[in-house]
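Order of the sequence lines fixes the chain letters, A, B, ..., with proteins taken first and strands second; residue numbering starts at 1 for each chain.
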Amino acid sequence: MLEIGIIRDQKERVLSGLKKKNASPEMLEMPDRIIARDDERKSTQTSLDNLLSRINKLSDEIGSLFKAGKAAEANAMKSEVAALKEEAKTLEVSLRAIRDDLDEMIIQLPNMPHESVPPGVGAEDNEVFKPWGGPMPELGASALPHWELAEKYNLISFKDGVMLTGSGFPVYKNKGARLQRALIGYFLDRAVEAGYTEIQPPLMVNRETARATGQLPDKEGQMYYIEKDDFYMIPTAEVPLTNLYRDTILQQSDFPVMLTGYTPCFRREAGSYGADVKGLNRLHQFDKVEIVRLEHPDRSYDSLMEMVAHVERLLADLELPYRILRLCGGDMSFNSALTFDFETYSAAQGRWLEVSSVSNFETFQSNRMKLRYRDEDGKTRLAHTLNGSALALARIVATLLENHQTPEGIKIPVALRPYTGFELIN
RNA sequence: GGAAGAGUGGCAGAGCUGGUUGAUUGCACCGGUCUUGAAAACCGGCGUACCUGAGAGGGUACCGGGGGUUCGAAUCCCUCCUCUUCCGCCA
C-alpha cells in the first residue's frame with residue numbers, strides 16, 4: 001500500500017509512475033480523489049477530537065460536582081453531554097466511512113516503479129539485463145523434454161498426482177524425490193552461508209498475515225483457502241517470513257534482517273492452460289527456497305543487487321543456461337518497485353522458464369505491515385522489504401533434466417553431488 | 001473438544017470496591033553530575049498512532065481484538081483470540 005504522504009507530497013512522481021505501469025485514465029484520477037478524501041478525513045478527525053475533548057472535560061466536571069455533593073447540577077450537565085455524544089457518534093461513523101473509502105482507493109494503487117524500470121506493456125518489453133553468456137544449448141536429435149525424461153527414468157508421476165489430488169500435483173519418486181530433497185538442502189545451505197537465518201514457518205496463514213504482504217485482497221482467488229478455520233495456504237514463503245516482522249520497530253543496527261526458508265508453495269493458478277501447464281512448467285504445489293531482506297531505505301537497492309548476485313551464483317553452479325531480465329512497468333507485479341527475473345533455458349521446449357524473481361518493494365509492504373525502524377532523530381520510519389526465490393524447484397528440475405541429459409543418462413552438476421549422493425540418473 | 005484461571009508500556013510487575021491513571025514501582029535504555037576512566041550513587045528523560053501548530057506546545061485514541069453499560073472504564077457486562085493448569089483425544 002502506497003504511503004499517503006508520497007501521494008500527497010509527490011503527486012507528479014506518482015502520476016508518472018502510474019503511467020509507466022500503464023494505468024487506466026480512471027486510475028490517473030485516483031491521486032486527486034485520494035488527496036481530497038484525505039483532506040476530508042483530517043477535518044473530520046479534528047472536529048471529532050475537539051468534540052471528544054469537550055465531553056472529557058464535562059465528564060470531569062460532573063465527577064467533581066458529585067464529589068462536592070452538587071448532584072442536581074451534575075445531573076443537569078448529563079443531558080448536555082448526552083447531546084454531544086450523539087454528535088460524536090455521528091462523526092465517528094462518518095470518519096470510519098471516510099477511512100474505509102480512503103483505504104479502498106489507496107489499496108488500488110500499485111507501487112511506484114523505480115526510475116530504472118523500462119517502459120513497456122508486457123513480457124516482450126522486458127529488458128535483458130544480463131543475457132546468457134555462453135552458446136545456446138543444442139540438444140541432440142534424441143533429446144527429450146523433461147516430462148518424457150521424468151517418465152523414462154521413473155522420476156515423477158503426473159498420473160499418480162492426478163489420482164491423489166488433481167492435475168498440478170506431481171508425485172516425485174526414486175531419484176526424482178531425492179533430487180528434490182538435494183536441491184532444497186543445497187539452496188538452504190547456500191543461503192545460510194550467505195548470512196540468512198533459516199526459518200521454518202507455518203504453511204497456512206491467517207487473514208491478517210495474507211493481507212499484510214499484499215496477497216489480500218488482490219490475489220484472493222490465487223490462494224487455497226481453508227474455510228473452516230479461515231486460513232490461507234501460503235503461495236510463497238515470503239508471506240510468513242516477512243510477516244514475522246509485522247508491527248515492529250527495528251533499530252538501525254538490526255539491518256539488514258536476512259531470512260531464508262524452504263516451503264512448499266500453493267497456487268490455484270486459475271485461468272492457466274496449454275503449454276504453460278505442461279509437465280513441471282506450472283504447478284499447484286511446488287517447492288521453493290525463499291530469501292527475504294528487511295533493509296534501511298538507503299541500502300535497499302544495494303541489497304537487491306546482492307540478492308541478484310546470490311541467485312546468479314546458484315544458477316551458475318548448477319551449470320544451467322540463464323539470463324536476467326529487468327521487468328518493464330507493464331510486466332512488474334503490483335507490489336514491486338523493481339524486479340529482476342531469472343530464466344533458465346529449456347532447450348527441449350525452446351523457451352525460457354522463470355525460476356526466480358527478486359524484488360524490492362520499498363515501503364509498499366512495510367506500510368501495510370507497520371514495519372518501521374528508528375532513525376537518527378528517534379523518529380519511526382518505514383523500512384524497505386525485499387525478497388527473491390533462491391530458488392523455485394520445479395522449473396529448476398525441468399531445465400536441469402533437459403540440459404544435463406546425455407545418451408548415458410542425466411548428469412548431476414558437481415555442486416549438487418554431495419546432496420544427491422549420485423552423479424547420474426539412468 | 002470440556003472445565004477453571006489469566007492476558008497491562010522493551011521486560012518484570014501494581015492497579016481491577018469505575019472519576020487528575022497513559023497508567024505506581026523495579027529493571028533495561030538515553031542524557032547529565034561525580035570520577036583519571038569505569039562502576040556505584042544521585043538528577044533528568046524514556047510508548048505508539050492520528051489531528052492541530054512555523055515551533056514550543058495543545059488535543060484525541062490505545063491496558064489481547066471487537067462490541068456494550070455509564071456523565072465517566074485498564075477497572076463492570078458480552079463476544080472472539082491467545083496462554084496456563086486439569087480432563088478427554090492423539091502423531
Side-chain angles (χ1 to χ4, degrees), chain A residues 1-9 34-107 200-212 216 226-232 240 243-255 257 294 363 365-383:
Chain A
M1 188 160 73
L2 214 54
E3 293 175 74
I4 184 80
I6 292 179
I7 299 171
R8 291 192 77 104
D9 304 339
I34 287 170
I35 291 169
R37 206 74 170 130
D38 193 45
D39 288 339
E40 204 179 337
R41 185 199 116 248
K42 289 184 176 192
S43 66
T44 308
Q45 180 79 59
T46 305
S47 317
L48 177 62
D49 283 356
N50 290 339
L51 202 52
L52 289 174
S53 176
R54 277 173 66 198
I55 291 173
N56 285 341
K57 280 205 183 75
L58 288 173
S59 293
D60 279 352
E61 282 179 42
I62 290 172
S64 332
L65 285 173
F66 271 122
K67 269 186 185 163
K70 299 174 180 170
E73 280 180 55
N75 283 317
M77 284 179 84
K78 283 190 188 179
S79 60
E80 192 182 339
V81 174
L84 290 177
K85 274 188 72 178
E86 280 305 308
E87 220 178 303
K89 204 156 210 169
T90 311
L91 275 177
E92 248 164 48
V93 168
S94 58
L95 180 62
R96 182 175 297 200
I98 292 167
R99 279 220 163 101
D100 289 349
D101 189 36
L102 197 55
D103 274 353
E104 206 176 300
M105 287 196 279
I106 295 175
I107 225 163
Q200 197 176 88
L203 306 182
M204 298 181 207
V205 295
N206 59 33
R207 183 169 291 278
E208 178 53 28
T209 301
R211 198 193 66 85
L216 290 179
I226 315 291
E227 191 171 7
K228 193 160 185 176
D229 297 287
D230 200 22
F231 291 155
Y232 292 88
N243 263 282
L244 240 23
Y245 285 83
R246 188 168 79 215
D247 220 353
T248 53
I249 300 175
L250 295 165
Q251 299 306 313
Q252 295 204 44
S253 55
D254 294 332
F255 290 130
V257 174
L294 313 180
T363 59
Q365 288 182 326
S366 57
N367 186 33
R368 236 194 260 198
M369 217 176 321
K370 302 277 188 307
L371 164 53
R372 298 96 93 209
Y373 69 95
R374 211 172 287 284
D375 71 9
E376 295 78 7
D377 305 324
K379 287 190 183 141
T380 60
R381 297 183 54 198
L382 294 171

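Taking the P atom of each, B:G64 and B:C11 are spaced 13 Å apart, rounded to whole Å. Comparing B:G45 with B:G26, their P atoms sit 13 Å apart, to the nearest whole Å. If you take atom P in B:G44 and the same atom in B:G37, they sit 24 Å apart, rounded to whole Å. Using atom P as the reference point in both B:A6 and B:G57, the two lie 42 Å apart (nearest Å). Comparing B:C51 with B:C46, their P atoms are spaced 23 Å from each other, to the whole Å. Atom name C1', nucleotides B:A38 and B:U33: the rounded distance is 15 Å, in whole Å. A distance of about 12 Å separates the C1' atoms of B:G2 and B:C89, rounded to the whole Å. Nucleotides B:G7 and B:G65 are separated by 13 Å at their P atoms, to the nearest Å.
In this structure B:G9 sits in no base pair that meets the Watson-Crick or G-U test at under 3.5 Å. Of all nucleotides present, none satisfies the Watson-Crick or G-U wobble test against B:A14 with each distance under 3.5 Å. For B:A56, there is no paired nucleotide, since no Watson-Crick or G-U wobble pair has both relevant distances below 3.5 Å. The nucleotide B:U24 finds no pairing partner, because no Watson-Crick or G-U wobble arrangement with both distances shorter than 3.5 Å includes it. Here B:U48 sits opposite B:A61 as a Watson-Crick or G-U wobble pair (both hydrogen-bonding atom distances under 3.5 Å). Pairing for B:U75 is absent, with no Watson-Crick or G-U wobble pair whose two atom distances lie under 3.5 Å. As the counterpart of B:C42, B:G32 is assigned, both hydrogen-bonding distances of the Watson-Crick or G-U wobble pattern falling under 3.5 Å. Pair assignment for B:A3: B:U85, on the basis of Watson-Crick or G-U wobble contacts that are both within less than 3.5 Å.
A:K379 has its NZ atom 16 Å from the P atom of B:G47, to the nearest Å. Look at CD1 on A:I55: it is 9 Å from P on B:A61, rounded to the nearest Å. The CD1-P distance, from A:I62 to B:U20, rounds to 15 Å in whole Å. The CG-P distance, from A:N206 to B:U82, rounds to 10 Å in whole Å. Here the P atom of nucleotide B:C46 and the CD1 atom of A:I249 are 16 Å apart, to the nearest Å. Atoms NZ (A:K42) and C1' (B:U60) sit 16 Å apart, rounded to a whole Å. In this structure, A:L382 places its CG atom 10 Å from P of B:A49, rounding to the nearest Å. When rounded to the nearest whole Å, the span between NZ of A:K89 and C1' of B:G68 equals 9 Å.
Around the CZ atom of A:R246, the shell of radius 6.0 Å holds more than 12 heavy atoms that belong to other residues, nucleotides or ligands. Within 6.0 Å of the CZ atom in A:R8, the count of heavy atoms belonging to other residues, nucleotides or ligands exceeds 12. Within 6.0 Å of atom CD in A:Q252, more than 12 heavy atoms from other residues, nucleotides or ligands are found, so the atom counts as buried in its surroundings.
The residues A:D103 and A:R37 are annotated as not salt-bridged, no charged nitrogen and carboxylate oxygen being separated by less than 4.0 angstrom. Between A:E86 and A:K89 there is no salt bridge, since none of the side-chain N atoms of the basic residue sits less than 4.0 Å from a carboxylate O of the acidic one. Here A:R41 pairs with A:D38 in a salt bridge; the nearest charged N to carboxylate O distance falls below 4.0 Å.
The minimum heavy-atom distance between A:P240 and A:V205, with the atom names listed, is CB-CG1, 4.4 Å.
Comparing B:G67, B:C71, B:C50 by their nearest atom to the side chain of A:D49 picks out B:C50. When the nucleotides B:G59, B:C51, B:C71 are ranked by their closest atom to the side chain of A:Q45, B:C51 comes out on top. Here the side chain of A:F66 is nearest to one of B:G59, B:C71, B:C50, namely B:C71. In the set B:U70, B:A61, B:U52, B:U70 carries the atom at the smallest distance from any side-chain atom of A:K85. The listed nucleotides are B:C50, B:U60, B:U70; the one nearest the side chain of A:L52 is B:U60. Of all nucleotides listed (B:U48, B:C50, B:C71), B:C71 comes nearest to the side chain of A:V81. Listed candidates were B:C51, B:U60, B:C50. Nearest to the side chain of A:R99 is B:C50. Among the nucleotides B:U52, B:G59, B:C71, the one closest to any side-chain atom of A:K78 is B:C71.
Nearest-nucleotide positions on RNA chain B place A:G63 closer to the 5' end than the other of A:G63 and A:L58. For the pair A:A82 and A:D38, nearest-nucleotide mapping onto RNA chain B gives the more 5' position to A:D38.
Heavy atoms of A:R372 sit under 4.0 angstrom from primed sugar atoms or phosphate atoms, though from no base atom. Among the atoms of the strands shown, none is found under 4.0 Å from any heavy atom of A:N50. At a threshold of 4.0 angstrom between heavy atoms, the contacts of A:R96 are confined to the sugar-phosphate backbone, with no base atom among them. Among the protein residues, A:T380 comes within range of the sugar-phosphate backbone only, with heavy atoms under 4.0 Å from sugar or phosphate atoms but none that close to a base.
Proximity of A:N56 to the phosphate of B:G72: no side-chain N or O atom is located under 4.0 Å from OP1 or OP2.
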Test log, rule side-chain contact (heavy atoms from CB on, under 4.5 Å), inputs A:R374 and A:R372: CA-CA 7 Å; A:R374 211 172 287 284; A:R372 298 96 93 209; over 6 Å; no
